[in-house]
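Quick caveat: nothing in here was measured; it's all calculated off a predicted structure. Convention: sequence-line order gives letters A, B, ...; per-chain numbering from 1.
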There are 2 protein chains.
Amino acid sequence: METKIRKRRPAFDREEGVAIAKGLFHERGYDAVGVADLCDALGIVAPSLYAAYGSKAELFNRAMKRYVETDFLPLDDILTPDSRPEEALTKLFVRATEQYTRHDKWKGCMVTEGMRADDETARNMAAELAKGGSEIIANYIREHGAKDPERVTDYVLMTLRGLSSYACLGYTTERLTHCAEMAGRALEDDFRTLAA
Amino acid sequence: METKIRKRRPAFDREEGVAIAKGLFHERGYDAVGVADLCDALGIVAPSLYAAYGSKAELFNRAMKRYVETDFLPLDDILTPDSRPEEALTKLFVRATEQYTRHDKWKGCMVTEGMRADDETARNMAAELAKGGSEIIANYIREHGAKDPERVTDYVLMTLRGLSSYACLGYTTERLTHCAEMAGRALEDDFRTLAA
DNA sequence: ACATCTATTTAGCGGTCGCTATATATTTTT
DNA sequence: AAAAATATATAGCGACCGCTAAATAGATGT
C-alpha cells in the first residue's frame, strides 16, 4: 500500500478573487455564472470558495461593491454645482453611456442589471447597493431647483435603466450617446432658473 | 398477479396550454420557469408537453407570439397619421406604460424582457419577434419627417426598454406615466414641420 | 521540535434542470 | 370488429445546481 501524497496550491488572494468574480458576474449576470465557473476562474475548488466568501451570493455582493468603488461613475464630479442641472444630468447620461459601452464584455451597469436577477437574494443585494447612487442623484435634483424632484428623479433613473439595458444588447457607444443626448433634452423645462 | 389498470386524462387543449404558459413566462421570465412548473400549471406530465410543443423554448416562442397577438400595443392605432409625430410617439410611451403596469403579475413587455434571458435560444426568439414592432416604429419615424430617423428610433426603443424594465421593478402606473410624458418632450425638435 | 491553526484537498450530498425510452390507454380509421 | 394513429402514463436519464463533511498539507507560534 503506497502512501498517497497530495500537493496543494498556496493560499489564493481573496481580493483578486473578488475582482475576477466581478468580471464574470458583470459579463454574464448572477444567474448565468455557476459556482463551478467561479472556481475555474479563480483556480480553486468549491470548498475554498465557500471558506473564503461564504456563498455565491456573498461573493456577488463583494464583487458588486468592488464594482461600485472601482468602475462606477464619479457622480460628484459629474453633478457639479457650476453647470446648469439640465446640462449636468445630460452629462450624466452621456458619461454613463460611455461607461456602459466601453468594453465588449462588461456591458451595462452591473448593479442595475443585477436588480433583474432571478435569484431573490442577489436581486435584493443589488437593489440595496443601487440605493446609494439613486439617492445621490435624487438629492442633486432636489437641491438644484427641480420643479417636481420626484418625477425628474424617476425619469433620470428610468433613462439610465434604458441605457444600461440597451448597452447590454450590444449597441455602439456612438448610437447610444445620441440617445443619451436626446434624453437630456427632455429636462429643459424642469428646473427653475436660479438667478446668479 | 393482478392486472394494473391505469386511468388517463383526456387530451388537453394545446392553445389553452400556450395561454397558460404565456402567463407563467411573462410573470417570471424564461429562465425562472421550469418545465415542471409548466407541467403543473397545464395539469400534464413532461412527455405530454414535449409531444405537444417540442421543447420548452418552442413553447416559449408560441407563448410570445400569442402575447404579441393578444396583449401587444395596437401600434397602428397609436401611430396615427392625423397627429403630430411627437404627440403620437409620446402617446406610444404613455400607452406602453399603461400596458406594462396594468397587472400586478405580467409586468413590463414580455418580448423586451425575453431578449435579456440567459438562455440563448430564448433570447434569439425574442429578438426575432421584437424586430416586427421595431420596424413598424422605425418606418413610422422615417416616414413622418424625422430629421435623423435612426437616432430617433434608437431613442424611442431605448426609452421603451427603460419603461419596461422600470415597470418590472414594480413602479406604479402614475409615476411611470410621468416618465413617459417627460420622455416624449425630448422629441420636440426632431421632426420637420410638415406644412399642411 | 512540537502543537496549533488556517486553507486546501477529495469526495459527494440532495436537489433541480431539460428531456426521453417505453408502455398503455383512448380515439379514429378502415 | 380489427387495425392504425394519437396522446397519455410511468420511470428515469445524464448533467448541472449550490453547497459541505472530513481529511490533510502547509504556515505560524511557542
Side-chain angles (χ1 to χ4, degrees), chain A residues 1-18 20-21 24-25 28-64 114 117-126, chain B residues 1-18 20-21 24-25 28-64 114 117-126:
Chain A
M1 172 78 87
E2 51 182 337
T3 53
K4 192 177 287 184
I5 307 229
R6 294 191 293 184
K7 272 286 169 182
R8 217 183 78 170
R9 319 184 116 276
F12 74 97
D13 184 328
R14 264 76 169 147
E15 282 307 316
E16 199 195 322
V18 173
I20 296 173
L24 268 185
F25 281 129
R28 318 220 301 263
Y30 181 81
D31 303 295
V33 175
V35 172
D37 298 320
L38 292 162
C39 289
D40 288 349
L42 304 204
I44 59 176
V45 286
S48 298
L49 186 147
Y50 283 89
Y53 306 113
S55 69
K56 179 191 170 187
E58 286 179 40
L59 176 52
F60 177 62
N61 205 16
R62 287 186 61 172
M64 276 195 299
D118 285 333
D119 183 275
E120 191 185 353
T121 305
R123 228 164 39 214
N124 292 341
M125 286 171 166
Chain B
M1 170 79 87
E2 51 183 338
T3 53
K4 192 177 289 186
I5 305 224
R6 295 191 293 185
K7 273 284 170 184
R8 213 183 82 169
R9 316 182 112 279
F12 74 98
D13 184 329
R14 264 75 171 150
E15 282 307 317
E16 199 194 323
V18 173
I20 296 172
L24 268 185
F25 281 130
R28 316 219 304 262
Y30 180 81
D31 303 297
V33 175
V35 171
D37 299 319
L38 292 162
C39 289
D40 289 349
L42 303 204
I44 58 175
V45 287
S48 299
L49 186 146
Y50 283 89
Y53 307 112
S55 69
K56 178 190 171 188
E58 285 179 41
L59 176 53
F60 177 63
N61 205 16
R62 287 185 62 171
M64 276 195 299
D118 285 333
D119 184 276
E120 192 186 352
T121 305
R123 229 163 39 215
N124 292 340
M125 286 170 166

Whole-Å gap separating P (dC17(C)) and CG (D118(B)): 14 Å

Distance, rounded to the nearest Å, where L49(A) contributes CG and dT9(C) contributes P: 12 Å

Gap between atoms CG and P, on D13(A) and dT8(C) respectively (whole Å): 11 Å

Atom pair distance, as rounded to whole Å: OH in Y53(B) and C1' in dC19(C): 17 Å

Shortest non-hydrogen contact between A126(B) and G114(B), atoms and distance: CB-C, 3.5 Å

Between P of dA7(C) and CD of E16(A), the distance in whole Å: 17 Å

So which protein N/O to nucleotides 15-19 of chain D N/O distances come out below 3.5 Å?
unit_1	atom_1	unit_2	atom_2	d
dG18(D)	OP1	K56(A)	NZ	2.7
dG18(D)	OP2	V35(A)	N	2.8
dC19(D)	OP2	Y50(A)	OH	2.8
dC19(D)	OP2	K56(A)	N	3.1
dC19(D)	O5'	Y50(A)	OH	3.2

Please report, to 0.1 Å, the donor-acceptor pairs under 3.5 Å made by any side chain of residues 40-52 of chain B, with sequence neighbours excluded.
none

All pairs passing salt bridge (Lys or Arg N to Asp or Glu O under 4.0 Å) where residues 45-56 of chain B contributes a residue, at least two apart: none

Pairing residues for D37(B) by the salt bridge (charged side-chain N to carboxylate O under 4.0 Å, His left out) criterion, not counting sequence neighbours: R28(B)

Distance test, side-chain N/O of R14(B) to OP1/OP2 of dT8(D), below 4.0 Å: yes

L24(B) CG - dG18(C) P separation (whole Å): 12 Å

Whole angstrom value for the distance that separates C1' of dT20(D) from CD of E58(A): 15 Å

Counterpart residues, side chain to side chain contact (heavy atoms under 4.5 Å, CB included), relative to N61(B) (two or more places apart): M64(B), K65(B), M125(B)

Listed partners of E15(B) passing salt bridge (charged side-chain N to carboxylate O under 4.0 Å, His left out), at least two apart: R62(B), R66(B)

Whole-Å gap separating P (dA7(C)) and CG (L42(A)): 15 Å

